[in-house]
Amino acid sequence: MVVPYKHEPFTDFKVEENKLEFEKGLMVVQSYLNKNYDLVIGGERISTKDKIVSVNPANKQEVIGTVSKATQEHAEKAMNIADETFEVWRKSKPEMRADILFRASAIVRRRKHEFSALLVKEAGKPWNEADADTAEAIDFMEYYGRQMLSLKNGVKIESRPIEYNRFNYIPLGVGVIISPWNFAFAIMAGMTAAAVVSGNTVLLKPASTTPVVAAKFIEVLEEAGLPAGVVNYVPGSGAEVGDYLVDHPRTRFISFTGSRDVGVRIYERAAKVHEGQIWLKRVIAEMGGKDTVVVDSSADIELAAQSIVASAFGFSGQKCSACSRAVILEDVYDQVLDRAVQLTKNLSLGETISPSVYMGPVIDQAAFDKIMSYIEIGKKEGELVAGGHGDNSQGFFIEPTIFADVDENARLMKEEIFGPVVAFCKAKDFDHALKIANNTDYGLTGAVLTNNRAHIEKAREDFHVGNLYFNRGCTGAIVGYQPFGGFNMSGTDSKAGGPDYLLLHMQAKTTSEML
Ligand SMILES: NC(=O)c1ccc[n+]([C@@H]2O[C@H](COP(=O)([O-])OP(=O)(O)OC[C@H]3O[C@@H](n4cnc5c(N)ncnc54)[C@H](O)[C@@H]3O)[C@@H](O)[C@H]2O)c1
Ligand SMILES: N[C@@H](CCC=O)C(=O)O
């Protein structure tokens with residue numbers, strides 16, 4: 001019997017011993033910087049001439065590793081192997097598949113600080129954010145393993161006296177896993193784990209800025225006993241390998257987490273039925289957000305300001321859940337804004353070499369340019385009251401930035417920036433605040449700070465987001481506790497880390513036997 005699921009606790013870096021252990025993790029990572037990682041197809045390591053170079057976004061000179069880059073020929077080979085392996089893997093015992101995840105999770109737990117240290121280097125995460133990313137990867141494996149055990153016998157249905165009816169879930173086939181860089185470990189591992197524990201085989205294409213942590217995860221899966229060919233590691237260009245795999249007639253499903261533009265492209269392409277294709281592809285897409293913290297007149301002002309700042313600037317605002325709009329009732333607007341500005345000006349920015357550095361870099365030059373261009377837009381749409389500067393000489397650093405008095409219809413209030421920029425907007429009353437909050441194509445997360453029960457109930461009904469939080473910030477969902485995923489252009493309404501997530505990777509089969 002497996003013990004009940006409990007989420008992996010976060011590390012308290014105020015404890016000196018934990019700090020020292022994390023520093024040891026950094027030293028382990030330092031010892032393998034600049035190594036090369038090959039494609040892994042059917043267990044075979046394949047080296048290519050063309051490489052992806054993963055660099056530290058806080059220090060562009062530091063190479064984290066080089067990774068072989070898959071071509072369409074490699075993708076084709078991986079697809080054939082995954083297809084063949086599926087015929088065996090689909091019949092493997094769900095208990096065994098779950099056990100592999102539990103063992104993989106135990107291996108990661110033993111090397112927890114090493115994995116987090118790798119995220120500090122490869123994704124520029126602050127220590128606490130890296131620690132939470134690794135904890136979430138562990139949680140996904142633990143949670144999905146248990147979910148599979150509870151689904152393995154299907155669901156009870158009715159039978160008449162002369163028959164025995166059963167309703168079981170069977171896997172889909174070969175899946176393509178396309179993961180983002182911002183939760184480079186947790187989301188990549190969670191999407192992969194859910195697919196394979198459900199009995200599917202996969203091709204894993206990680207984000208090109210963070211392929212090393214994915215290569216390390218492949219090593220963990222191998223050590224945990226995952227047979228060759230179940231997970232095939234094919235980093236490569238989204239446009240070349242991504243499109244090829246999305247279009248492939250043997251692709252049964254695509255599990256994607258990333259931007260709205262790429263998600264929509266995948267969704268459209270996957271809808272086309274190609275020659276030789278005998279199914280309609282399933283797409284699980286988790287996309288962007290334009291997330292709002294609403295502050296009511298009755299709110300605790302200090303809690304509101306802290307919640308906005310933490311949700312806007314944790315990991316430099318590079319979370320799909322990040323607060324990029326603070327909508328505040330006019331009678332408390334000045335107080336909340338002043339306090340948020342004060343808190344923001346005290347945040348530290350730099351390479352995250354110790355737990356005391358609050359904010360690290362943004363991921364790369366393209367992100368830096370995009371965010372800085374939104375800061376220029378912001379200067380025309382509101383009043384710059386904190387931050388606003390960027391420095392990309394050594395790494396990609398942008399100050400935590402607040403714009404005040406932004407109109408509800410401004411671009412800053414509508415478009416996903418994906419960086420440390422938050423717009424403050426005044427609302428006349430609570431209904432107006434909800435109207436502004438809902439005035440977006442997205443519907444991912446939101447938070448309401450209030451001590452008014454009627455307003456909590458109103459928001460529960462009318463604030464149209466997949467994850468709504470009361471009296472806290474809008475980031476930091478925990479696997480199994482706050483299943484995560486949004487509405488509208490935030491995706492296909494899936495809930496990662498929730499009780500129905502594995503079902504998206506399976507199909508139900510009814511069998512009826514005459515007695
Ligand atoms: N809803 C969620 O749960 C969630 C979680 C994390 C990130 N996100 C979103 O992800 C975005 C940031 O991540 P990103 O910059 O890695 O996103 P992205 O869309 O640029 O890339 C995501 C993945 O798609 C791949 N890709 C790019 N073009 C492709 C193509 N034509 N075909 C197939 N694959 C292709 C990339 O290589 C990468 O692996 C933000 O918009 C954020 O809100 C959403
Ligand atoms: N699940 C994370 C966000 C993932 C997207 O970037 C959160 O709840 O903050």
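Whatever order the structure lists them in is the order used to number ligands and atoms, beginning at 1. Just so it is clear, the model here is predicted, and its values are computed rather than measured.
In Ile363, neither the side chain nor the backbone holds a heavy atom less than 4.0 Å from any atom of ligand 1. Under 4.0 Å from ligand 1, not a single heavy atom of Asp261 appears.
Ligand 1 lies out of reach of Phe183, whose nearest heavy atom is not under 4.0 Å from it. Under a 4.0 angstrom heavy-atom cut-off, Ser179 registers as being in contact with ligand 1.
Salt-bridge formation is not detected for the pair Asp291/Lys319: no Lys NZ or Arg NE/NH1/NH2 atom is positioned less than 4.0 Å from an Asp or Glu carboxylate oxygen. Between Lys77 and Glu73 there is no salt bridge, since no side-chain N of the basic residue sits under 4.0 Å from a carboxylate O of the acidic one. Between Arg411 and Glu381, no side-chain nitrogen of the basic residue sits less than 4.0 Å from a carboxylate oxygen of the acidic one, so the salt-bridge criterion is not met.
Short contacts between ligand 1 and Ile178, defined as distances under 4.0 Å to a heavy atom of the residue, involve ligand atoms 23 (C), 24 (O), 25 (C), 33 (C), 34 (N), 39 (O). Each of the following atoms of ligand 1 lies closer than 4.0 Å to a heavy atom of Gly242: 32 (N), 33 (C). Residue-ligand proximity, Pro206 to ligand 1, at heavy-atom distances under 4.0 Å covers atoms 39 (O). Residue contact check: Glu416 has heavy atoms under 4.0 Å from atoms 40 (C), 41 (O), 42 (C), 43 (O) of ligand 1. Set against the non-hydrogen atoms of Asp243, the atoms of ligand 1 under 4.0 Å away are 30 (C), 31 (N), 32 (N). Atoms of ligand 1 lying under 4.0 Å from any heavy atom of Phe256, numbered from 1 in the order shown and given with element: 19 (O), 22 (C), 23 (C), 24 (O). Counting atoms of ligand 1 from 1 in the listed order, those under 4.0 Å from a heavy atom of Ile187 are 5 (C), 6 (C). Under a 4.0 Å criterion applied to the non-hydrogen atoms of Asn182, ligand 1 contributes the atoms 6 (C), 7 (C).
Within the set Ser321, Gly289, Gly238, the minimum heavy-atom distance to atom 29 (C) of ligand 1 is found for Gly238. Of the candidates Gln318, Lys205, Arg265, Lys205 brings a heavy atom nearest to atom 37 (O) of ligand 1. Counting only non-hydrogen atoms, the option in Ala186, Gly466, Pro235, Cys320 that gets closest to atom 8 (N) of ligand 1 is Cys320. Closest heavy-atom approach to atom 40 (C) of ligand 1 among the candidates Tyr244, Phe418, Phe484: Phe418. Across Leu204, Thr257, Val262, Thr209, heavy-atom proximity to atom 5 (C) of ligand 1 is greatest for Thr257.
Taking the six-membered ring for Trp and thresholds of 30 and 60 degrees, His248 and Tyr244 have ring planes more than 60 degrees apart, a perpendicular arrangement. The aromatic rings of Trp181 and Phe315 stand perpendicular to each other, their planes meeting at an angle above 60°, with 30° marking the opposite boundary.
Interatomic distance, Lys281 NZ to Ile254 CD1, rounded to the nearest 0.5 Å: 5.5 Å. From Ile284, atom CD1 reaches atom CD1 of Ile178 across 11.5 Å, with rounding to the nearest 0.5 Å.
Residues Thr11 and Asn18 have side chains that never bring a donor and an acceptor to within less than 3.5 angstrom of each other. Defined by atom type and a distance below 3.5 Å, a donor-acceptor pair is missing between the side-chain atoms of Asn182 and Asp133.
Nearest protein heavy-atom neighbour of atom 15 (O) of ligand 1: Trp181 NE1, 2.8 Å. The protein atom (non-hydrogen) at minimum distance from atom 20 (O) of ligand 1 is Ser259 OG, 3.9 Å. Nearest protein heavy-atom contact of atom 9 (C) of ligand 1 is Gly258 O, 3.1 Å. For atom 1 (N) of ligand 1, the nearest protein heavy atom (residue, atom name, distance) is Met287 O, 2.7 Å.
For the pair Lys125 and Phe183, the cation-pi criterion (under 6.0 Å, within 45° of the ring axis) is fulfilled. The cationic atom of Lys495 (NZ for Lys, CZ for Arg) does not lie both less than 6.0 Å from the six-membered ring centre of Tyr481 and within 45° of the ring axis. Because its NZ or CZ atom is not both nearer than 6.0 Å to the ring centre of Tyr233 and within 45° of the ring axis, Arg45 does not count as a cation-pi partner of that residue.
In terms of polar-atom proximity, defined here as any N/O pair under 3.5 Å, Gly476 does make such a contact with ligand 2. Below 3.5 Å of separation, one finds no N or O of Ile266 facing any N or O of ligand 1. The shortest N or O to N or O distance between Ala477 and ligand 2 is below 3.5 Å. In terms of polar-atom proximity, Cys320 is counted as a contact of ligand 2, with an N or O under 3.5 Å from an N or O of the ligand. Between Ser321 and ligand 2, at least one N/O pair is under 3.5 Å apart. Checked against a 3.5 angstrom limit, the closest N/O atoms of Asn182 and ligand 2 fall inside it.
With a 4.5 Å cut-off on side-chain heavy atoms, Ser316 and Ile398 do not count as touching. Between Val262 and Phe256, some side-chain heavy-atom pair lies under the 4.5 Å cut-off.
Screening Cys320, Pro180, Ser494 against Thr257 for a side-chain contact (heavy atoms from CB on, under 4.5 Å) leaves a single residue, Pro180.
Listed for the Thr48 side chain is a donor-acceptor partner under 3.5 Å among the backbone atoms of Lys69.
There is a protein heavy atom less than 4.0 angstrom from atom 43 (O) of ligand 1.
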